[in-house]
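Handing you a structure now.
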Amino acid sequence: MKRRSPTLEGFQTMFRLPSLGLAEIAWRWSFGLAVVVLLAFSFREYLATLPVTAGDLLLLRTRQPALVWQAIARIFQGSAPRAIAAAIVLILTLTLASIALSAIGRAATLKRLFEYFREREADTVSKWHKANWRLSPLVGLNFLRAGAMLTAGVGCFGALLLAGAASSPNDPSPGSVLLIFWMLTMLIGLAWSVLNWFLSVAAIFAVNDGSSTLGALGATADLFRAHPGPVTAAATWFGLAHVVIFVVASSVAAFPLAFAGVLPAGIVLGGLVLITLLYFAIVDFLHVGRLAAYVCMTIPESTQPSALSIQLFPPSEDDILSDIPGALPPPEATGG
């Protein structure tokens with residue numbers, strides 16, 4: 001049987017199972033909302049710890065830029081250690097929460113995808129076993145993803161410092177600084193995207209095969225070696241779809257900005273927020289479709305002949321086993 005296009009299967013699954021996209025939105029956006037609320041609460045509590053004297057209030061009420069900045073500098077003076085400590089606690093807490101929630105959400109999405117394709121491929125269900133998967137490999141993969149993101153952030157900061165060293169006060173060269181920074185940042189981003197792809201796809205084998213964290217990464221590499229064309233095609237087409245959606249959303253966002261001087265600020269801001277939410281929702285649906293394409297590649301190919309081949313070449317009762325040496329029992333064994 002001719003194998004269907006995994007990329008096409010991914011796009012079709014995205015529309016046939018909208019509940020998966022909604023589930024992806026639910027667990028991703030719930031974490032995002034929790035992050036926003038936690039950051040707002042932490043910032044409010046941080047501001048409450050800052051000492052504001054009567055002199056500072058007097059300078060702020062003057063509305064003179066120089067006096068206002070002087071008051072702000074005095075208010076925030078000496079508060080950097082508290083801000084750094086709060087940032088470290090927030091980053092660690094949110095990272096741990098993201099690792100746990102991502103593992104649970106990805107497990108739920110992949111389990112439903114496997115059930116969907118098992119129902120579609122009933123003839124291979126005996127060969128496509130249900131593994132006794134564990135949550136720990138998914139936690140390990142998400143821990144590595146968080147580490148890769150942190151490493152990429154540190155690398156971008158290092159790229160900024162390295163690019164700044166190319167210019168000096170005596171011989172300023174802003175063009176060289178910008179070029180070096182963008183080149184290093186692009187290399188870091190490329191390395192991070194490749195590693196993030198492996199860690200993302202490896203979750204498929206952690207759920208389907210019950211593989212360990214390292215075993216799932218090895219299975220992902222085997223998938224790429226076995227199906228380089230379909231893997232590249234799926235990544236390319238879904239990536240292009242993402243780019244198109246980004247361009248369309250950016251173009252649509254220009255409309256409320258064009259009326260910023262006419263419409264109230266609340267309406268303009270609400271329009272931008274709505275466009276942004278729609279963009280992220282479509283991106284989450286695309287992510288589910290891309291995962292479905294990779295899951296489709298793991299389906300064992302059917303060994304059963306098609307109905308057309310059975311009709312064109314029907315086996316006869318006389319020679320169904322006669323062309324296989326040793327398949328027929330000897331006459332004395334059958335009493336003939």
Side-chain angles (χ1 to χ4, degrees), residues 3-32 96-146 196-224 226-227 230-231 234-235 238 280-302:
R3 194 180 185 90
R4 293 184 298 271
S5 169
T7 303
L8 183 59
E9 284 290 333
F11 280 108
Q12 291 178 348
T13 304
M14 185 176 65
F15 292 104
R16 290 175 179 173
L17 294 178
S19 59
L20 282 179
L22 296 176
E24 191 82 4
I25 291 174
W27 73 263
R28 284 180 178 270
W29 289 24
S30 61
F31 177 74
L96 293 177
S98 174
I99 290 173
L101 185 60
S102 298
I104 297 173
R106 182 57 60 238
T109 303
L110 287 175
K111 285 180 63 179
R112 181 64 187 97
L113 279 175
F114 284 124
E115 291 174 358
Y116 169 74
F117 281 107
R118 285 190 181 102
E119 295 170 359
R120 295 272 311 272
E121 303 292 333
D123 56 336
T124 61
V125 70
S126 60
K127 297 189 297 180
W128 203 17
H129 64 281
K130 294 183 179 181
N132 296 321
W133 65 277
R134 299 163 298 156
L135 195 63
S136 55
L138 293 175
V139 172
L141 291 172
N142 283 285
F143 180 81
L144 292 177
R145 291 183 70 181
N196 184 69
W197 181 87
F198 272 94
L199 294 172
S200 177
V201 179
I204 296 175
F205 300 97
V207 173
N208 185 44
D209 301 334
S211 304
S212 62
T213 300
L214 297 180
L217 289 173
T220 305
D222 294 337
L223 175 68
F224 183 77
H227 307 284
V231 168
F238 279 98
F280 283 119
I282 296 175
V283 168
D284 288 338
F285 270 85
L286 287 176
H287 189 71
V288 171
R290 187 178 62 175
L291 278 179
Y294 296 140
V295 169
C296 182
M297 298 177 197
T298 65
I299 301 175
E301 295 189 16
S302 175

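What you see below is based on every heavy atom in this structure, not just the backbone, and it leaves out hydrogens, waters and symmetry mates.
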*Going from CG on N142 to OG1 on T213, what distance comes out if it is rounded to the nearest 0.5 angstrom?*
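Answer rounded to 0.5 Å: 9.5 Å.
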*List the atom of F238, the atom of G10, and the distance in Å for their closest heavy-atom pair.*
CZ-C, 3.9 Å
*Look at the side chain of S200 and the backbone N and O of N196, then say whether any donor-acceptor pair between them is shorter than 3.5 Å.*
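Absent.
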*So, the side chain of S211 versus the backbone of A206: is there a donor-acceptor pair under 3.5 Å, distance only?*
no
*Does any non-hydrogen side-chain atom of L144 lie less than 4.5 Å from one of L217?*
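The answer is yes, as the side chains (C-beta and beyond) meet within the 4.5 Å cut-off.
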_Please check if the number of heavy atoms outside F280 that lie under 6.0 Å from its CZ is greater than 12._
no
*asked:* Can you confirm whether V295 sits close enough to Y116 that some side-chain heavy atom of one is under 4.5 Å from a side-chain heavy atom of the other?
replied: no
*Rounded distance [0.5 Å steps], CG in L138 versus CZ in R145*: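 So the gap between those two atoms works out to 11.0 Å.
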*Looking at side-chain heavy atoms only, is the closest gap between F285 and I25 below 4.5 Å?*
yes
*Residue pair F117, E9: steps toward the side chain to side chain contact (heavy atoms under 4.5 Å, CB included) verdict*: CA-CA 10 Å; F117 281 107; E9 284 290 333; 3.9 Å; yes
*Please assess W29 against D284 for the test side chain to side chain contact (heavy atoms under 4.5 Å, CB included), listing each intermediate value before the final yes or no.*
CA-CA 10 Å; W29 289 24; D284 288 338; 3.1 Å; yes
*Which atoms form the tightest heavy-atom contact between A293 and P6, and what is the distance?*
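In terms of heavy atoms, the two residues are closest at CB-O, 3.2 Å.
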_Do E24 and R106 have side chains that approach each other closer than 4.5 Å (heavy atoms only, starting at C-beta)?_
yes
*Between atom CG of L113 and atom SG of C296, what is the distance when rounded to the nearest 0.5 Å?*
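If we round to the nearest 0.5 Å, L113:CG and C296:SG are 10.5 Å apart.
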*Taking the side chain as every heavy atom from C-beta outward, state whether N208 and L110 have any pair of such atoms under 4.5 Å apart.*
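Not touching, per the 4.5 Å side-chain cut-off.
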*How long is the gap from CD1 on I204 to OG1 on T220, to the nearest 0.5 Å?*
7.5 Å
*Which residues share a side-chain contact (heavy atoms from CB on, under 4.5 Å) with V231, sequence neighbours left out*: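 Checked V231 against side-chain contact (heavy atoms from CB on, under 4.5 Å); matches are W197, L223, F224, H227, Y294, M297.
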_From L101 atom CG to R28 atom CZ, the distance as rounded to the nearest 0.5 Å_ = 10.0 Å
*Hey, are the side chains of W27 and T109 touching, using non-hydrogen atoms and a 4.5 Å cut-off?*
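Yes - at least one pair of side-chain heavy atoms lies under 4.5 Å apart.
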*Distance from D209 atom CG to T298 atom OG1, nearest 0.5 Å?*
7.5 Å
*Of the non-hydrogen atoms in A202 and A216, which two are nearest, and what is the gap between them?*
O-CB, 3.3 Å
